[in-house]
Number of protein chains: 2
Amino acid sequence: MILASPTNTNSPEENTLEQFRLLCQKHGIKLTYQRLEIFRVLLSSTDHPTAEEIYARVKEKVPTISLDTIYRTLTTFEELGLVKRFYLFDDKARFDPNTKPHFHLICTKCQKILDFYWPEIKNIKIPDQVKKWGKINQLYLEFRGVCRQCQKK
Amino acid sequence: MILASPTNTNSPEENTLEQFRLLCQKHGIKLTYQRLEIFRVLLSSTDHPTAEEIYARVKEKVPTISLDTIYRTLTTFEELGLVKRFYLFDDKARFDPNTKPHFHLICTKCQKILDFYWPEIKNIKIPDQVKKWGKINQLYLEFRGVCRQCQKK
DNA sequence: GTAAGTGCAAATGATTTGCACAGCG
DNA sequence: CGCTGTGCAAATCATTTGCACTTAC
C-alpha cells in the first residue's frame, strides 16, 4: 500500500497524516500504512481499548493487518510516549492516547472508562507519610461506581 | 495432613488458626491445611505479592501444594472478601490482604508497594463532573515515585 | 459416606518472538 | 538497495479447567 501524497491540505485527514509524518521523522521510525491507521484509531478512541479492540477497529481499514503488528506498534508508540499502557480489571492491557494529565471514572457494571480533568487536585495537601517515603512523580486517581445509564437498568 | 487440635491457646499461631476456623465456618468452606497456610502467608505479606510469589512462600511449608490450588484458593478468598485482587504494572494479578481502606505508594524503580492511610481524603470536594456521571462507590488513589532507598542508589 | 477440595496435566487466552518476505527512506 | 517493519506460525507466560483421587465434616 502506497501512502497518500506528501502535500498537506487542511482536511482533518491530511492533518493527521502530516502530524504523524512529523512524529515518525522526529523519532526515526518508518511511516507505514499500518502504523498510521493504528494511530488514527487511537486518536479517535476515548474508551481506553484493549489490543484486541484496537485490532478489530484497524482491521476495518486494513483487513490484512495482524494482531502481532498491533502489539508491536503499541509497544513502539508507548516507548515514544504516544500512548500509555495500563491494567485495570484483568490481565488485558488497555491503551490510553490521552497524554494530558487526567483521571478515570470507571463504571463497575459496564466497565466503561471516562476521562475527567481535575487540575485543582494539584493544590491538595500531601500527607507527611507520603513525603517521607520518597519523591512523588505522579498521582493516579480513579473513581469507581455505577454510571447513570447502568443505574437506570 | 491432620490439622492441629481444636483447643485454642493464646499463641499467635493458634490465634490465627482459630480465626481462620471461624472464617471457614462462617462462609461454609472446608478448613484445609493448604487454605490455612495460604491464609497465613497472606496475613504476613505486606508487599502485595503475585500468585507465583504466594506459591513460593506457601511451598516452604507445604512442598506438595500446586499452583492451581493457589489460584483457586485466592479466588475463593477474594469472593469471601478476604483479599483484594488488582492489576498494576503488568498482566500479573496482585493480592492485597489489607481490607482496611488505604492507598498505595509505588516505587517505579524497585516496584515495591507500600500501604498508606489517609482518612481525611473523605472530606475532599468531589468535582461536579464526577457527581453528574453517576454514583461513586470507591476512590482509588495511588502515588508513584521513587522511594528513599532507590534515590540513594 | 459424601460433597468439596486438591494435584496433575492439558486447555485457554494474552502477549511475544523467530523467520522470511515486503516496502519505506 | 539496505534495513526496518510486517505477517505468519509457533513459543511463552499467566491463569483456568477436567478428571480422578483425597479428605474434612
Side-chain angles (χ1 to χ4, degrees), chain A residues 1-6 17 20-39 48-56 58-59 61-80 83 85-95, chain B residues 1-6 17 20-39 48-56 58-59 61-80 83 85-95:
Chain A
M1 160 70 190
I2 307 303
L3 289 168
S5 81
L17 174 57
F20 189 60
R21 189 187 302 285
L22 288 172
L23 278 170
C24 290
Q25 216 153 57
K26 177 177 155 193
H27 292 107
I29 63 166
K30 286 183 183 171
L31 196 175
T32 68
Y33 181 44
Q34 288 86 334
R35 285 178 173 163
L36 174 63
E37 291 308 324
I38 293 170
F39 183 72
H48 315 77
T50 62
E52 284 280 358
E53 287 163 347
I54 294 166
Y55 178 48
V58 175
K59 226 175 170 177
K61 280 287 272 295
V62 194
T64 58
I65 202 167
S66 65
L67 184 55
D68 49 89
T69 295
I70 302 285
Y71 276 109
R72 271 189 271 237
T73 304
L74 288 171
T75 300
T76 304
F77 284 0
E78 188 190 15
E79 283 161 1
L80 305 184
V83 278
R85 181 191 306 242
F86 63 102
Y87 294 83
L88 221 51
F89 319 105
D90 52 30
D91 58 347
K92 295 188 193 114
R94 279 150 213 283
F95 296 87
Chain B
M1 161 75 192
I2 307 302
L3 287 169
S5 83
L17 175 57
F20 190 58
R21 189 185 304 284
L22 288 171
L23 276 171
C24 289
Q25 218 153 58
K26 177 177 157 193
H27 292 108
I29 63 165
K30 288 183 181 169
L31 197 175
T32 68
Y33 181 44
Q34 290 86 335
R35 284 178 174 165
L36 174 62
E37 292 308 324
I38 294 170
F39 184 71
H48 313 77
T50 62
E52 284 279 359
E53 286 163 348
I54 294 166
Y55 178 49
V58 176
K59 224 174 174 180
K61 280 287 270 298
V62 194
T64 57
I65 202 168
S66 66
L67 183 56
D68 49 272
T69 295
I70 302 286
Y71 275 109
R72 271 189 271 234
T73 303
L74 288 170
T75 301
T76 303
F77 285 0
E78 187 191 15
E79 282 161 4
L80 305 184
V83 279
R85 181 192 304 244
F86 64 101
Y87 293 84
L88 219 52
F89 318 106
D90 50 32
D91 58 349
K92 295 187 193 117
R94 280 150 211 282
F95 296 88

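Below, chain A is the first sequence line, B the second, and so on; all start at residue 1. Since we're looking at a predicted model, the values are computed, not measured.
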Residues in side chain to side chain contact (heavy atoms under 4.5 Å, CB included) contact with Leu22(A), at least two apart in sequence or another chain: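 Checked Leu22(A) against side chain to side chain contact (heavy atoms under 4.5 Å, CB included); matches are Glu18(A), Gln25(A).
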Do [X] and [Y] have side-chain heavy atoms sitting under 4.5 Å apart?
X: Ile65(A); Y: Ile38(A); answer: yes
X: Leu74(B); Y: Ile54(B); answer: yes
X: Thr64(B); Y: Val62(B); answer: yes

Interatomic distance, [X] [atom1] vs [N] [atom2] [rounded to whole Å]:
X: Tyr33(B); N: dG7(C); atom1: OH; atom2: P; result: 11 Å
X: His27(B); N: dA4(C); atom1: NE2; atom2: P; result: 17 Å
X: Arg21(A); N: dC24(C); atom1: CZ; atom2: P; result: 11 Å
X: Leu74(A); N: dT6(D); atom1: CG; atom2: P; result: 11 Å
X: Phe20(A); N: dC24(C); atom1: CZ; atom2: P; result: 13 Å
X: Leu36(B); N: dT6(C); atom1: CG; atom2: C1'; result: 15 Å
X: Arg35(A); N: dT4(D); atom1: CZ; atom2: C1'; result: 8 Å
X: Ile38(B); N: dG5(C); atom1: CD1; atom2: C1'; result: 11 Å

Looking at dC8(D), dG5(C), dC25(D), which one has an atom nearest to any side-chain atom of Ser66(A)? dC8(D)
Restricting to nitrogen or oxygen on both sides, can you table the protein-nucleotides 20-22 of chain D pairs closer than 3.5 Å?
none

Below the 4.0 Å mark, does [N] have OP1 or OP2 next to a side-chain nitrogen or oxygen of [X]?
X: Thr32(B); N: dT23(D); result: no
X: Thr69(A); N: dT6(D); result: no
X: Gln34(B); N: dG7(C); result: yes

Once side chain to side chain donor-acceptor pair (under 3.5 Å) is applied, do any residues pair with [X], and if so which ones, sequence neighbours excluded?
X: Glu79(A); answer: none
X: Tyr55(B); answer: Lys59(B)
X: Glu37(B); answer: Arg40(B), Lys61(B)
X: Asp68(A); answer: Ser66(A), Arg72(A)

Partners passing salt bridge (Lys or Arg N to Asp or Glu O under 4.0 Å) against [X] (at least two apart in sequence or in another chain):
X: Glu52(B); result: none
X: Asp91(B); result: none
X: Glu53(A); result: none
X: Arg35(A); result: none

Angle between terminal axes - the helix from dG1(C)-dC25(D) to dG25(C)-dC1(D), 5 pairs each end, rounded to 10°: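 Nearest ten degrees gives 30° for this helix.
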Each nucleotide of nucleotides 11-21 of chain C classed B (base within 4.0 Å of a protein heavy atom), S (only sugar-phosphate) or -, in 5' to 3' order, makes ---SBBBB---
